[in-house]
Visitor: 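Before I ask anything, let me first share the structure, which is written out below as structure tokens.
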Amino acid sequence: MKKNNADTVVVLDFETSGLSPDMGDRAIEIGAVLIEEGKITDRFQQLMNPGFKINSFIQQYTGITNSMLHNADIGSVVIKKFAKFIGKNNLVAHNAAFDRRFLDSEMAIAQKAYSGQFNCSMLLARRIYQNAQDHKLETLVRLKKLPISGTFHRALADTEMTAHLWLKMLEDLEVEYGVMKPSFEYINKLSKTPKHKVAILLRP
DNA sequence: TGCCAGGCCCTCTTTAGGGCCTT
């Protein structure tokens, strides 16, 4: 049965060859963690061979090299395994619009589908941490003193940090605003509320 | 690889432009 609480989700992060699947970019790594009732209970990480050589900027940015990708499974093989990992869970990513485009693109290539809805940790952070210097994942992780797991810009490390940020935001909503066990839909609504109206929505 | 995007949000707004965030 599908869980609709915000504390039961799959958090995911793609490393990619560029910014736009519509321009031919492909995923080169997927990382994900399953959070069940506020606890990380499973992990997924695989490199994905995009079928072409990635440029030097991406190699430097991610630390993923062409030689690492040479022996990796192709995207469609990996994404079929990942579809099983997702199951019917809802999904979370930092700047989810980006990861959703690549998930949709890779799923279409593999002729697979998923049923979960997306929530965005960046949009939620912009609402509840309005005074943060910016809302990059790294900035928020340091601001909230969350554990830095591995290297930034590798898929599983970014995913774990996004997961910790997600759980911290749920905790802060409860502790500071009395929002208990919010639904996924409530968080989605909160993430789309104009900033100047957030305080009204969250008033205990 | 391919010349590199797209959605959200703010404001000096809505007949628009530019910054943020992701790789």
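Sequence lines set the chain letters: A, B, ... in the order given, protein chains first and strands last, and positions in each chain run from 1.
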Visitor: Quick one: label A:Thr193 by what it contacts on the DNA or RNA (base, sugar-phosphate, nothing), any heavy atom closer than 4.0 Å.
Guide: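 It contacts nothing in the nucleic acid.
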Visitor: What residues form a ring-ring contact (aromatic ring centres under 6.0 Å, His included) with A:Phe152, not counting sequence neighbours?
Guide: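 Counting only residues at least two positions away or on another chain, A:Phe152 forms no ring-ring contact (aromatic ring centres under 6.0 Å, His included).
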Visitor: Measure from the side-chain heavy atoms of A:Asp134 and tell me the nearest of B:dG7, B:dT1, B:dC21.
Guide: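 Side chain of A:Asp134 sits closest to B:dC21.
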Visitor: Give the rounded distance in Å between these two atoms: CG of A:Asp99 and P of B:dA5.
Guide: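 The distance from CG of A:Asp99 to P of B:dA5 comes to 18 Å, rounded to the nearest Å.
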Visitor: Could you work out the separation of B:dT1 and B:dT23 based on their C1' atoms and round it to a whole Å?
Guide: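 Comparing C1' positions in B:dT1 and B:dT23 gives a spacing of 14 Å.
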Visitor: Output the single nucleotide from B:dA5, B:dT23, B:dC21 whose closest atom is nearest the side chain of A:Asn95.
Guide: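 Ranking B:dA5, B:dT23, B:dC21 by closest atom to the A:Asn95 side chain puts B:dC21 first.
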Visitor: In whole angstroms, how far is the P atom of B:dG7 from the CZ atom of A:Phe102?
Guide: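 In whole Å, B:dG7 P lies 13 Å from A:Phe102 CZ.
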Visitor: Tell me, with the steps shown, if A:Thr41 and A:Glu36 meet side chain to side chain donor-acceptor pair (under 3.5 Å).
Guide: CA-CA 6 Å; A:Thr41 57; A:Glu36 295 179 291; 2.7 Å; yes
Visitor: Rounded to whole angstrom units, what separation is found between the CZ atom of A:Phe118 and the C1' atom of B:dT22?
Guide: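 After rounding, the gap between these two atoms is 13 Å.
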Visitor: More 5' along DNA chain B: A:Thr62 or A:Ala97, using each one's nearest nucleotide?
Guide: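 It is A:Ala97 whose nearest nucleotide is closer to the 5' end.
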Visitor: Considering every strand and a 4.0 Å limit on heavy-atom distances, what is the contact class for A:Leu123: base, sugar-phosphate, or nothing?
Guide: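 Counting heavy atoms under 4.0 Å across all strands, the contact made by A:Leu123 is with sugar-phosphate only.
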Visitor: Does the plane of the ring in A:Trp166 sit parallel, tilted or perpendicular to the ring in A:Phe184? Use 30° and 60° as the thresholds.
Guide: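 Rings of A:Trp166 and A:Phe184: tilted, 30 to 60°.
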Visitor: Could you tell me whether the side chain of A:Asp25 has a donor or acceptor atom within less than 3.5 Å of a complementary atom in the base of B:dT1?
Guide: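 Looking at the base of B:dT1, it does pair with a donor or acceptor on the side chain of A:Asp25 (distance under 3.5 Å).
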Visitor: Distance between the C1' atoms of B:dT15 and B:dC21, in whole angstroms?
Guide: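 B:dT15 and B:dC21 have their C1' atoms separated by 29 Å.
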Visitor: Here's a test for you: under salt bridge (Lys or Arg N to Asp or Glu O under 4.0 Å), which of A:Glu29, A:Glu15, A:Glu160 qualifies with A:Arg154?
Guide: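 By the salt bridge (Lys or Arg N to Asp or Glu O under 4.0 Å) criterion, A:Arg154 pairs with just one of A:Glu29, A:Glu15, A:Glu160: A:Glu29.
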Visitor: Which residues within residues 151-164 of chain A lie with some heavy atom under 4.0 Å of an atom in DNA chain B?
Guide: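 Those residues are A:His153, A:Asp158.
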Visitor: When the distance from CD of A:Glu106 to P of B:dT22 is rounded to whole Å, what number comes out?
Guide: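 Interatomic distance, CD of A:Glu106 to P of B:dT22: 20 Å.
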Visitor: Counting the atoms with a prime plus P, OP1 and OP2 as sugar-phosphate, which does A:Leu137 contact under 4.0 Å by heavy atoms, base, sugar-phosphate, or nothing?
Guide: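 The residue A:Leu137 makes sugar-phosphate contact but no base contact.
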Visitor: OP1 or OP2 of B:dC21 versus the side-chain N and O atoms of A:His135: is any pair under 4.0 Å?
Guide: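 Result: yes.
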Visitor: Heavy-atom nearest nucleotide on DNA chain B for A:Pro21 versus A:Tyr61: which residue maps closer to 5'?
Guide: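 Of the two residues, A:Pro21 wins.
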Visitor: Any salt bridge linking A:Glu185 with A:Lys189? Criterion: basic side-chain nitrogen under 4.0 Å from a carboxylate oxygen.
Guide: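 No, this pair does not count.
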Visitor: In whole angstrom, give me the gap between the C1' atoms of B:dG7 and B:dG2.
Guide: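 Going atom to atom, C1' in each nucleotide, I get 22 Å.
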Visitor: Is it true that a side-chain atom of A:Glu106 and a backbone atom of A:Ala27 form a donor plus acceptor pair closer than 3.5 Å?
Guide: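 Between the backbone of A:Ala27 and the side chain of A:Glu106 there is a qualifying donor-acceptor contact (under 3.5 Å).
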Visitor: Could you give the distance separating B:dC8 and B:dT13 at their C1' atoms, to the nearest angstrom?
Guide: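 Result for the C1' pair: 15 Å, nearest Å.
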Visitor: Choose from B:dC10, B:dC21, B:dT23 the nucleotide whose nearest atom is closest to any side-chain atom of A:Lys136.
Guide: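 Closest nucleotide among those given: B:dC21.
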Visitor: Mind checking A:Arg101 for me? I need base, sugar-phosphate or nothing, with any heavy atom below 4.0 Å counting as a touch.
Guide: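 Answer is base: heavy atoms of A:Arg101 come under 4.0 Å of a base.
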Visitor: For the pair A:Lys144 and A:Asp172, find out whether any cationic side-chain nitrogen is under 4.0 Å from an anionic carboxylate oxygen.
Guide: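 Yes, charged N to carboxylate O under 4.0 Å.
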Visitor: Rounded to the Å, how far apart are A:Arg126 CZ and B:dG19 P?
Guide: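 After rounding, the gap between these two atoms is 14 Å.
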Visitor: Assess, by modelled atom type and distance only, whether the side chains of A:His94 and A:Ser121 contain a donor and an acceptor separated by less than 3.5 Å.
Guide: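 Indeed, the side chains of A:His94 and A:Ser121 share at least one donor-acceptor pair under 3.5 Å.
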Visitor: Can you sort out the partners of A:Phe102 under ring-ring contact (aromatic ring centres under 6.0 Å, His included), two or more places apart, ordered by chain and number?
Guide: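 Per chain and number, A:Phe102 pairs via ring-ring contact (aromatic ring centres under 6.0 Å, His included) with A:Phe98.
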Visitor: Please report, rounded to the nearest Å, how far the P atom of B:dC8 is from the CG atom of A:Leu124.
Guide: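 It is 15 Å, rounded to the nearest whole Å.
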Visitor: Please report the distance, rounded to the nearest Å, between CE in A:Met23 and C1' in B:dC3.
Guide: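 In whole Å, B:dC3 C1' lies 7 Å from A:Met23 CE.
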Visitor: Tell me the interatomic distance from A:Asn49, atom CG, to B:dT1, atom C1', rounded to whole angstroms.
Guide: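 Nearest whole value for this atom pair: 14 Å.
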Visitor: Measure from the side-chain heavy atoms of A:Phe52 and tell me the nearest of B:dT1, B:dC21, B:dT23.
Guide: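 Between B:dT1, B:dC21, B:dT23, the one nearest the side chain of A:Phe52 would be B:dT1.
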Visitor: What distance, rounded to whole Å, do you find between the two C1' atoms, one in B:dC12 and one in B:dA16?
Guide: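 So the two C1' atoms sit 11 Å from each other.
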